[in-house]
S.K.: 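Below you'll find the structure I mean.
No experiment lies behind these values; they were computed from the predicted model shown.
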Amino acid sequence: MAKRVQVIHTDDIDGSEAAETIAFSLDGITYSIDLSADNAKKLRNAFAPYIAAGERDRSGTTRRGGSSRRKTSGTAATDIRAWAASQGMQVSARGRVSAEVREAYERAHS
C-alpha cells in the first residue's frame, strides 16, 4: 500500500498558505514563523531599518544564556586524583574517576 503525506504550511498571521518559514532572534531568543510571500515581505520591510542600523553578530550563533557544560558536585577530579596517587592507588590521568576511588577519598576526608 502506498502512502503520500503532504505538509501544508499555513501563514501564522492570516491563515493563508505559507510560502516560507522565517527564523529571527530578538533578545537572545530565536523565533520561527511561517509566512506567505506578502507577509514575509512585510516582515523584512519592517526589520529593514533596524538591520541597516544594527551590527551583525559574526559568531554565527545566538547565545541563550546558561552553560552547556555539565555541573558537577563535590570535589574536583584533579584533587581526587592527586590524593589517590599520594595514597599509592592506581588512577588514570584523564577521564572519569572511579566510584571506588571517589568513595575512598570521601571516607578519608569526612
Side-chain angles (χ1 to χ4, degrees):
M1 171 161 62
K3 183 188 277 190
R4 182 177 176 185
V5 177
Q6 187 174 19
V7 177
I8 300 173
H9 291 272
T10 304
D11 186 301
D12 292 323
I13 300 297
D14 64 16
S16 65
E17 189 172 333
E20 63 184 300
T21 300
I22 298 176
F24 61 95
S25 296
L26 182 65
D27 296 333
I29 301 171
T30 301
Y31 301 88
S32 65
I33 188 168
D34 296 325
L35 296 174
S36 65
D38 287 340
N39 282 334
K41 184 176 181 179
K42 289 177 188 176
L43 178 65
R44 287 186 174 96
N45 288 339
F47 278 142
Y50 301 99
I51 292 170
E55 184 176 322
R56 186 173 181 173
D57 179 7
R58 301 283 180 199
S59 69
T61 60
T62 302
R63 304 219 52 180
R64 288 186 178 205
S67 174
S68 61
R69 291 190 58 126
R70 209 174 86 187
K71 301 216 183 328
T72 58
S73 60
T75 307
T78 53
D79 295 339
I80 295 173
R81 280 190 185 89
W83 173 83
S86 74
Q87 300 299 308
M89 300 175 87
Q90 192 113 11
V91 64
S92 62
R94 296 182 58 185
R96 191 174 197 168
V97 175
S98 72
E100 297 157 348
V101 172
R102 189 173 288 276
E103 288 169 7
Y105 178 88
E106 296 298 328
R107 280 193 304 272
H109 290 88
S110 53

S.K.: Of all heavy-atom pairs between Gln90 and Val101, which one has the smallest distance, and what is that distance?
M.R.: O-CG2, 4.4 Å
S.K.: Between side-chain atoms of residues 42-51 and protein atoms elsewhere (two or more places apart, or another chain), which donor-acceptor pairs fall under 3.5 Å?
M.R.:
{"from": "Arg44", "atom 1": "NH1", "to": "Glu20", "atom 2": "OE2", "distance (Å)": "3.3"}
{"from": "Arg44", "atom 1": "NH2", "to": "Glu20", "atom 2": "OE1", "distance (Å)": "3.0"}
{"from": "Asn45", "atom 1": "ND2", "to": "Lys41", "atom 2": "O", "distance (Å)": "3.4"}

S.K.: Does Gln87 CD have over 12 foreign heavy atoms under 6.0 Å away?
M.R.: yes
S.K.: Which residues satisfy the side chain to side chain donor-acceptor pair (under 3.5 Å) test with Asp12, sequence neighbours excluded?
M.R.: none
S.K.: Please report the shortest heavy-atom distance between Tyr105 and Asp79, naming the atom on each side.
M.R.: CE1-O, 4.3 Å
S.K.: Run the side-chain hydrogen bond (donor to acceptor under 3.5 Å, both in side chains) test on Asp38 and Ser36 for me, step by step, so that the C-alpha distance in whole Å, both residues' side-chain angles and the decisive distance to 0.1 Å come before the verdict.
M.R.: CA-CA 5 Å; Asp38 287 340; Ser36 65; 5.4 Å; no
S.K.: State, to 0.1 Å, how close Val91 and Ala85 come at their nearest heavy-atom pair, and which atoms those are.
M.R.: CG1-N, 4.4 Å
S.K.: Could you grab the distance from atom CZ of Arg81 to atom CZ of Arg102, nearest 0.5 Å is fine?
M.R.: 9.0 Å
S.K.: Of the non-hydrogen atoms in Ile33 and Phe24, which two are nearest, and what is the gap between them?
M.R.: CG2-CE2, 4.0 Å
S.K.: Side chains of Thr10 and Asp34, heavy atoms from C-beta outward: is any pair under 4.5 Å?
M.R.: no
S.K.: Atom CG in Asn39, atom OG in Ser16: separation rounded to 0.5 Å?
M.R.: 6.0 Å
